[in-house]
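Both backbone and side-chain heavy atoms feed into the values below; hydrogens, waters and symmetry mates do not.
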Amino acid sequence: MILGVLVVCLLVVILDNTILNVALKTIQADLGATQSQMEWAINSYTLVFAGLMFSAGVLGDRYGRRLFLLVGMVVFGLASVASAFASTPGQLIGTRALMGIGAALVQPQTLSVITNVFDPSERGRAIGIWASFSGIGIAIGPVTGGLLLEHFWWGSVFLVNVPFVLVGVVAIALVVPESKDPSPGRIDPFGVLLSIAGLSLLVYGIIHGGETTEWGSPAVLGPILGGIALVALFVFVEVRSSHPSLDVTLFRNPAFSAGAVSIGLVFFAMQGATFFLAYFWQAVRNYSPLEAGLLVVPVAVGIALAAPRSAKMAQRFGTRVVVAFGMTLVGTALGAYTFVGRDTPIWVIEIIVFALGFGMGNAMAPATEAVMSAVPRARAGAGSAVNNTVRMVGGALGVAIMGSLLSASYRSHLGDAVDVLPAAARDDAGESIGGALEAAGRLVATAPSSARDALALVEAAKDAFVDAMHLTAVGSAVVAWLGAIVAVLFLPRRQRASSVDAAGTGPSEPDDAAEEPSGEPSGDGAKV
């Protein structure tokens, strides 16, 4: 029952970002927003979410994980209502930032409560179910958004959160037990502030770089380098603090470090692929938002099948083997997109989409368990925060870097096809396939005799996008295969079940003993 409540809380905050993507065009038209304002309606949520997540996990350990779950859900619900009735782009950006605060309070607590509720013999499977729903949320968001937009106004994509928030708040109060660090020590305000400032600057720089594709400009390099410097200062301070927010010596544990890196890389690869796939379905294949969302469902099916079973696979074959297999499959599926063209049968693409999800399911859950097993239960919030922050930063990097690669390659392949347009319209058409299709539509509307030129531009834009998608798919595949190499080199062959006692006085230890019986779980199965 507790796991079910936590999954509801997780789905609410994950669904929100993906459900919004299909409504952007409608919201933009209704509010009279610019493209930049709509981008920040998404990015304000991501930026606040990423910047506060680590601090929220640490503070949850100190003051109570259930308390932070409740507060976060209430904030998220109220901000959702405010977003639904926003009347200006500025209001929407502000209310989305408030939703990011609520999400940051909620997400790290879901994983840290799991770590404290389930004993080591069950925790791997529980984390597998948690991971499967985190992936399912990403996939079903566009479907839900498409259904709502077909029957209601755009505010419904925010109001749909409210009943889930109400159910979640009541269920948290009735079912979820309170847990916290029994010996939290003094708070580390300087470390908390450094983590917020460093992560916020870093994510802002990544987002801005993805928007402008000007990675060498001071406006992009400044925030990125500043964020890295503040994160480095945070590590320096934490190493020397008598009461650190994060025990940075955990990164000496190969299971913790390699697990975190694997999670970051799989989300980098997946988010980069999701970015081009959404445009492929709607702009190249001419599917509606709802149809495009339904075509991504096999990702959710693959994750749902693989993630809950990955714990048993890790017990039998070892964490290293399962994560490496998952990352290799993710890379192979992404690489297969290089053979996808404008007329490739849908069933072929759906097999690739399913394989991508199945690989993710095998990679995410055991890597997450590797991270959480290395953290004392009393500090599970900090471990969960690291896990979720790495996911968020990896995903942001994937969208930004792979999006920049997609745009640059698209412009290169499109070439002088935009010359049929008036000079003032060429820049937008050369930036994205969406801009090209809109420009072609305007050309036909203003000069019907130019219909043949407009059609030629549309065909050239679609061909250029497919060529750019192939290059981006290769880049995403290489990142996923790099994750497989990290898993092989640094993850343990066996993940011993945690022997941490009820007070959470010590982390679990990875065990590289390859000679353990392959069908038996490792460790002593100690209870909470």
Side-chain angles (χ1 to χ4, degrees), residues 3-27 30-31 38 40-50 52-53 56 66-87 89 91-111 113 130 133-176 289-290 293 296 300 388 392 395:
L3 182 60
V5 174
L6 297 175
V7 162
V8 169
C9 297
L10 178 70
L11 276 177
V12 169
V13 299
I14 289 180
L15 272 174
D16 182 75
N17 227 19
T18 55
I19 200 174
L20 177 61
N21 289 337
V22 299
L24 288 176
K25 186 175 181 180
T26 305
I27 297 173
D30 190 64
L31 296 183
M38 291 313 301
W40 276 106
I42 292 178
N43 294 338
S44 62
Y45 179 85
T46 303
L47 184 61
V48 174
F49 194 174
L52 293 181
M53 200 178 331
R66 184 177 71 165
L67 172 63
F68 270 63
L69 264 179
L70 284 169
V71 173
M73 290 290 281
V74 170
V75 170
F76 190 86
L78 293 175
S80 296
V81 174
S83 295
F85 295 101
S87 57
Q91 288 179 9
L92 182 60
I93 292 169
T95 55
R96 288 281 296 161
L98 289 175
M99 291 177 70
I101 294 175
L105 296 177
V106 169
Q107 185 155 333
Q109 317 309 329
T110 59
L111 187 54
V113 170
W130 177 90
F133 276 93
S134 68
I136 289 170
I138 294 171
I140 66 175
V143 179
T144 308
L147 283 170
L148 290 170
L149 287 177
E150 285 197 354
H151 298 93
F152 306 101
W153 106 110
W154 61 262
S156 61
V157 302
F158 298 112
L159 287 183
V160 73
N161 296 328
V162 175
F164 290 100
V165 167
L166 292 174
V167 171
V169 167
V170 173
I172 291 167
L174 294 177
V175 175
V176 177
L290 176 57
V296 184
N388 286 291
M392 181 68 72

Calculate, to the nearest 0.5 Å, the distance between atoms CG and CG belonging to L98 and L78 respectively. 9.5 Å
Heavy-atom closest pair (G155 atom, A84 atom, distance to 0.1 Å) is O-CB, 3.4 Å
Crowding at CZ, F133 (>12 non-hydrogen neighbours, <6.0 Å): no
Let me confirm one number: the CZ-CD distance from R96 to Q91, rounded to the nearest 0.5 Å. 15.0 Å
From CA spacing to verdict: side chain to side chain contact (heavy atoms under 4.5 Å, CB included), V12, F76: CA-CA 9 Å; V12 169; F76 190 86; 3.2 Å; yes
Correct closest heavy-atom pair for S44 and A97 would be OG-N, 3.7 Å
Considering only heavy atoms from C-beta outward, does the side chain of L159 approach that of V81 to under 4.5 Å? yes
Give the minimum heavy-atom separation between V162 and G77, together with the two atoms involved. CG2-O, 4.3 Å
Is the closest side-chain heavy-atom distance between Y45 and V13 below 4.5 Å? yes
With rounding to the nearest 0.5 Å, note down the distance linking OG in S156 to CG in N161. 10.5 Å
How about L92 and F158: do any of their side-chain heavy atoms sit closer than 4.5 Å? yes
Taking all non-hydrogen atoms of both residues into account, name the closest pair between Q109 and A56 and its distance. NE2-O, 2.9 Å
Which distance, rounded to the nearest 0.5 Å, do you find between the CD of Q107 and the CG of L52? 13.0 Å
Determine the minimum heavy-atom distance between A79 and M99, stating which atoms define it. CB-CG, 3.4 Å
The test is side chain to side chain contact (heavy atoms under 4.5 Å, CB included); show your working for V106 and L69 and say whether it passes. CA-CA 5 Å; V106 169; L69 264 179; 3.9 Å; yes
Say you draw a straight line from CE of M73 to CG of L166; how long is it, rounded to the nearest 0.5 Å? 9.0 Å
Go through it in stages, so that I can follow the logic: the residues are V176 and L70, the test is side chain to side chain contact (heavy atoms under 4.5 Å, CB included), and I'd like the CA-CA distance, side-chain angles, deciding distance and then a yes or no. CA-CA 10 Å; V176 177; L70 284 169; over 6 Å; no
Measure the CG-CD1 distance between L67 and I172 for me, rounded to the nearest 0.5 Å. 10.5 Å
